[in-house]
Amino acid sequence: MPARNEADVIAASLSSLLAQDYPGPFRILLIDDDSADGTAEAARALADPDRRLSVVRGAPLRGGWTGKLWAMSQGVETAAEADYLLFTDADIAHASDNLRALVERAQAGGLVLTSLMARLKIESLADKGLIPAFVLFFSMVFPFAWANDPRRPMAAAAGGCMLVARAALQRAGGLAAIRGAIIDDCALAALLKPLGPIWLGLTNRARSLRAYRTVPAIAAMIARSAYAQLRYSPVLLAGTLAGLGLTFLSPPALAILGTGWTRALGAASWAAMAIAFQPMLAFYRRSPLWGLAAPAIAALYAGFTLASAVQVWRGRGGVWKGRAQALAAS
């Protein structure tokens, strides 16, 4: 299938929102923050007989805000009458019942935040090897069950699809309370969880329309926020890299280079690692044999994490639309 250009991706994403089978009134606000990808033009060209879609010209970025959160805040101000706010990226396509299902889940559980980890697009060999692992590693850092448990402090969300109760967001101080966050989705989850239950799940109802396709593109996606997740701490960085090496690289090293019980233990650990990868590989319909590549994939992710730190140290951390948003002094 030929790759879509940016205008086609945006049009497909907005069309999926316009086609929502939702019983009540809703509005779609597209915040055009001076994108050079034809965002506004693609939106205005869509058929919208019910006049649900509005294009809002974004104001210049305010100091102290990251770009995405500044755009989101303008949407919140414009949708002043909404009880629920759905934050979604312009490259996410939604099933026709997704909005209804999200609101029903939120109302039934009294949720202040309902989030779906969108199914990421896979096209290339790089996507096949690295994208399922990205979701797996995210779920290891932020176990969904822990994030969804009101008794645990852990909070997480997926920025591509987040339904927020407006009243809870206002009580928390609004998006201004996290205006400088690089990992905005998890920051929002941490902000809201003290006010009520949150929920995060893996889904086929929301799916990304944009594939990364190359290892450098995936590396850039990871490097944008990895060091921020480590709170810009060289100590946490060293510990993370050491932990990845011990967990993922020592088993194959022992299996290949060890002898006797050492080799058997390394092989068993490698097999357990491959087995743990299987549910995510099955979700993305990838060969189970990719599980054997988990050590090599983890090594690449360790490199991406180190690259994230180097970018921050060079003053190029957290790049979004060409702007470095993480301070090198951090």
Side-chain angles (χ1 to χ4, degrees), residues 1-16 33 35-39 41-42 67-68 88-95 116-141 158-161 182-185 202-229 248 277 279-308 310-311 316-325:
M1 178 182 295
R4 286 171 163 171
N5 60 38
E6 290 297 314
D8 290 340
V9 166
I10 294 163
S13 175
L14 291 173
S15 294
S16 74
D33 51 354
S35 295
D37 54 13
T39 296
E41 293 78 6
K68 183 178 179 181
T88 184
D89 294 339
D91 62 353
I92 301 295
H94 298 264
L116 296 175
M117 173 70 76
R119 184 186 183 97
L120 301 179
K121 191 175 182 63
I122 289 180
E123 288 185 348
S124 68
L125 181 62
D127 292 331
K128 293 176 182 177
L130 297 179
I131 291 302
F134 166 75
V135 183
L136 175 65
F137 292 151
F138 180 93
S139 67
M140 292 172 65
V141 176
C161 182
I182 295 294
I183 309 176
D184 50 86
D185 44 13
L202 196 61
T203 187
N204 283 310
R205 290 179 181 271
R207 55 187 178 85
S208 174
L209 298 173
R210 181 184 291 114
Y212 289 93
R213 298 191 184 91
T214 67
V215 172
I218 297 172
M221 181 264 290
I222 301 299
R224 176 181 174 273
S225 59
Y227 199 38
Q229 176 61 40
F248 290 96
F277 204 173
M280 197 62 66
L281 291 172
F283 178 79
Y284 277 96
R285 299 179 183 176
R286 301 272 64 88
S287 168
L289 294 178
W290 278 107
L292 297 175
I297 294 170
L300 285 173
Y301 273 85
F304 301 159
T305 303
L306 179 59
S308 178
V310 171
Q311 287 180 7
R316 295 294 300 165
V319 173
W320 190 81
K321 292 187 180 295
R323 296 189 293 265
Q325 301 183 114

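This structure is a prediction, so every number in the text was calculated from the model and none was measured.
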In the structure I gave you, are the side-chain heavy atoms of Tyr227 and Gln311 within less than 4.5 Å of one another anywhere? no
Rounded to the nearest 0.5 angstrom, the CD1-CZ distance for Ile297 and Phe248 is 9.5 Å
Margin query: Taking the side chain as everything from C-beta on, heavy atoms only, tell me whether Phe134 gets closer than 4.5 Å to Ile218.
Written below: no
Scanning both residues in full, the closest heavy-atom pair of Ala126 with Arg213 reads CB-O, 3.6 Å
Taking every heavy atom of Ala307 against every heavy atom of Ala223, the minimum-distance pair comes out as C-CB, 4.5 Å
For a 4.5 angstrom cut-off between non-hydrogen side-chain atoms, does Arg119 reach Thr203? no
The side chain to side chain contact (heavy atoms under 4.5 Å, CB included) partners of Ala294 (sequence neighbours excluded) come to Met273, Phe277
Rounding to 0.5 Å, atoms CD1 (Ile131) and CZ (Arg286) come to a distance of 11.0 Å
**Study point:** Validation row: Ile122, Arg285 side chains within 4.5 angstrom (heavy atoms)
**Key:** no
Ring pair (Phe, Tyr, Trp, His ring centres under 6.0 Å) filter on Phe304, not counting sequence neighbours, yields Tyr301
- Item | Validation row: Tyr284, Val135 side chains within 4.5 angstrom (heavy atoms) | yes
- Any side-chain heavy-atom pair of Gln229 and Thr305 under 4.5 Å: no
In terms of heavy-atom contacts, Ile92 and Gly160 come closest through CG1-O, 3.7 Å
Here the gap from Ile222 atom CD1 to Tyr212 atom OH, rounded to the nearest 0.5 Å, amounts to 8.0 Å
Closest heavy-atom pair, Leu209 versus Lys121, reported as atoms and distance to 0.1 Å, is O-CD, 3.3 Å
Flag the pair Arg210 / Asp89 as yes when at least one side-chain heavy-atom distance between them is below 4.5 Å, and no otherwise. no
Within-4.5 Å side-chain heavy-atom neighbours: Leu281 and Leu289: no
The reported gap from CG in Leu136 to CG in Leu130 (rounded to nearest 0.5 angstrom) is 12.5 Å
On a heavy-atom basis, the closest approach of Cys161 and His94 is SG-CE1, 3.9 Å
In terms of heavy-atom contacts, Ser16 and Ser13 come closest through OG-O, 2.6 Å
Report task. Verify, without hydrogens or angle tests, whether Ser308 (side chain) and Ser225 (backbone) share a donor-acceptor contact under 3.5 angstrom. Result -> no
